[in-house]
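For this chain, numbers begin at 1 and follow the sequence in order. What you are looking at is a predicted structure, and each value in this text was computed from that prediction instead of being measured.
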Amino acid sequence: MFELLGIAPQALFGQLLLGLINGSFYAMLSLGLAVIFGMLNIINFTHGAQYMMGAFVAWMLLHYLGVGYWWALALAPVIVGITGVVVERLLISRLYHLDHLYGLLLTFGLALIIQGLFRNYYGVSGLPYSIPAILTGGYNLGFMFLPVYRAWVVVASLIVCLATWLVIEKTRLGAYLRAAVENPTLVGAFGVNVPRMITLTYGFGVGLAALAGVLAAPIYTVNPNMGADLIIVVFAVVVIGGMGSILGSILTGFGLGIVEGLTKVFYPEGSAVVIFVIMAIVLLVKPAGLFGRTA
């Protein structure tokens, strides 16, 4: 087989696939962060822990109740989203009129508590979660081997991200959400229950994180640190795309995943920092982010 740029095609396209898979998780998690920040103006540092909770709920549904992967895709985001609704009503709702720093500190503390509880009960070695039978195996494309489950993760992430963008940008509900960010008093005057909308929006953003956790469970071992290892990178993705930008989060998430994968091929030593280098450059050139709006 011929080489591309001095790299074997199997290695190049294998890393591109890995980058696209990472980008799928970056996009879904940063999308949830963008939805929460855009509506609540809260920097939700608990997002990584909620992603981890989604994976653990899927594992618990399977091992304690015998509920399989496909039901877990529907149930885990709802269960974790409900916990998010409770947190928003009891704690986060008290911080809306305060500086962003208070919300960051609260959610960071919650993330440490959640992670510590799971680590204390389940340890840190990781728990396996098997791929559903229908998604096992793969296809030999000649230039690379394509695992079915990894292809499913990319497709599912694209569908979820596109559907979320369409709802927020093209529907009446999305118009209410955007209007409530700008002028909640006016929207409330039209009979819309703005506090309930805010609560449900937070629950939806948390549910997106949990859904990403379920998708990740068969690829990575389910362990309490899986969210902590990812959330810093996801925050960098959000900053690059623009805080609160839905489209920016999606495009930047997938794009940076591919960039990270290519960096692992051509300069492996820089793969761990390439996203942060890009973030620094973007902030110097456009502080609001690639798709963000200046105040």
Side-chain angles (χ1 to χ4, degrees), residues 17-40 43-58 69-70 72-81 83-84 107 111 129 135 149-169 174 201-220 222 226-261 275 289 291:
L17 176 62
L18 180 61
L20 196 56
I21 292 169
N22 289 337
S24 298
F25 296 123
Y26 295 163
M28 290 188 67
L29 288 169
S30 60
L31 175 60
L33 281 175
V35 168
I36 292 171
F37 182 81
M39 186 68 188
L40 285 68
I43 302 173
N44 185 36
F45 224 97
T46 319
H47 216 61
Q50 290 156 342
Y51 159 79
M52 175 268 293
M53 288 173 64
F56 264 102
V57 168
Y69 173 83
W70 298 108
L73 278 177
L75 293 176
V78 173
I79 294 171
V80 180
T83 67
T107 55
Y129 189 90
L135 297 177
Y149 186 77
R150 283 160 173 76
W152 153 249
V153 167
V154 175
V155 171
S157 177
L158 283 170
I159 292 173
V160 170
C161 290
L162 180 60
T164 302
W165 177 80
L166 287 173
V167 168
I168 292 176
E169 297 293 335
T201 300
Y202 183 81
F204 175 75
V206 170
L208 282 177
L211 178 60
V214 179
L215 291 172
I219 298 178
Y220 313 111
V222 179
M226 60 188 296
D229 296 339
L230 193 61
I231 191 62
I232 300 299
V233 177
V234 173
F235 267 106
V237 172
V238 173
V239 170
I240 294 170
M243 293 294 290
S245 172
I246 303 301
L247 183 61
S249 297
I250 297 170
L251 296 180
T252 307
F254 281 105
L256 290 178
I258 294 173
V259 170
E260 186 181 52
I275 291 179
F291 297 88

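Between H47 and T107, every side-chain heavy-atom pair lies at or beyond the 4.5 Å cut-off. For the pair F204 and I36, the minimum side-chain heavy-atom distance is 4.5 Å or more. No side-chain heavy atom of V35 sits less than 4.5 Å from a side-chain heavy atom of Y202. At least one side-chain heavy atom of I21 sits less than 4.5 Å from a side-chain heavy atom of I219. Proximity of M52 to L230: side-chain heavy atoms (C-beta onward) are nowhere separated by under 4.5 Å. Looking only at side-chain heavy atoms (C-beta outward), L215 and M28 come within less than 4.5 Å of each other. Residues F37 and L33 fail the side-chain proximity criterion, which asks for heavy atoms closer than 4.5 Å. The side-chain heavy atoms of V153 and F25, taken from C-beta on, include a pair separated by under 4.5 Å.
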Given L208 and L29, is the side-chain contact (heavy atoms from CB on, under 4.5 Å) satisfied, shown in steps? CA-CA 7 Å; L208 282 177; L29 288 169; over 6 Å; no
Worked verdict on Y129 versus Y220 for side-chain contact (heavy atoms from CB on, under 4.5 Å): CA-CA 8 Å; Y129 189 90; Y220 313 111; over 6 Å; no
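Residues A210 and P77 come closest through the heavy atom pair CB-CA, 3.8 Å. In this structure, G213 and A55 approach most closely via the heavy-atom pair O-CB, 3.4 Å. Of all non-hydrogen atoms in A58 and A76, the two that sit nearest each other are N-CB, 4.4 Å.
Screening V80, V57, L75, L73 for a side-chain contact (heavy atoms from CB on, under 4.5 Å) involving V214 leaves a single residue, L73.
In this structure, F235 has its ring center closer than 6.0 angstrom to the ring center of F45.
In this structure a side-chain-to-backbone donor-acceptor pair under 3.5 Å is missing from Y26 to I250. Proximity of a side-chain donor or acceptor of S30 to a complementary backbone N or O of A27 within less than 3.5 Å is detected. Using modelled atom types, no side-chain atom of S249 and backbone atom of A34 make a donor-acceptor pair closer than 3.5 Å.
Note that CG of L20 is 12.0 Å distant from CD of E260, once rounded to the nearest 0.5 Å. The CD1 atom of I232 sits 12.0 Å away from atom CD1 of I275, with the distance rounded to the nearest 0.5 Å. Here the straight-line distance linking atom CD1 of I231 with atom OH of Y51 works out to 10.0 Å at 0.5 Å rounding.
Annotation: side-chain contact (heavy atoms from CB on, under 4.5 Å) contacts of L251 (sequence neighbours excluded): L247, F291.
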For residues 236-245, run the donor-acceptor check on the side chains, cut-off 3.5 Å, and write out each pair with its distance to 0.1 Å, sequence neighbours left out.
unit_1, atom_1, unit_2, atom_2, d
S245, OG, G248, N, 3.0

Donor-acceptor pairs under 3.5 Å, side chain of residues 161-169 to any protein atom, not counting sequence neighbours: which ones?
unit_1, atom_1, unit_2, atom_2, d
T164, OG1, V160, O, 2.8

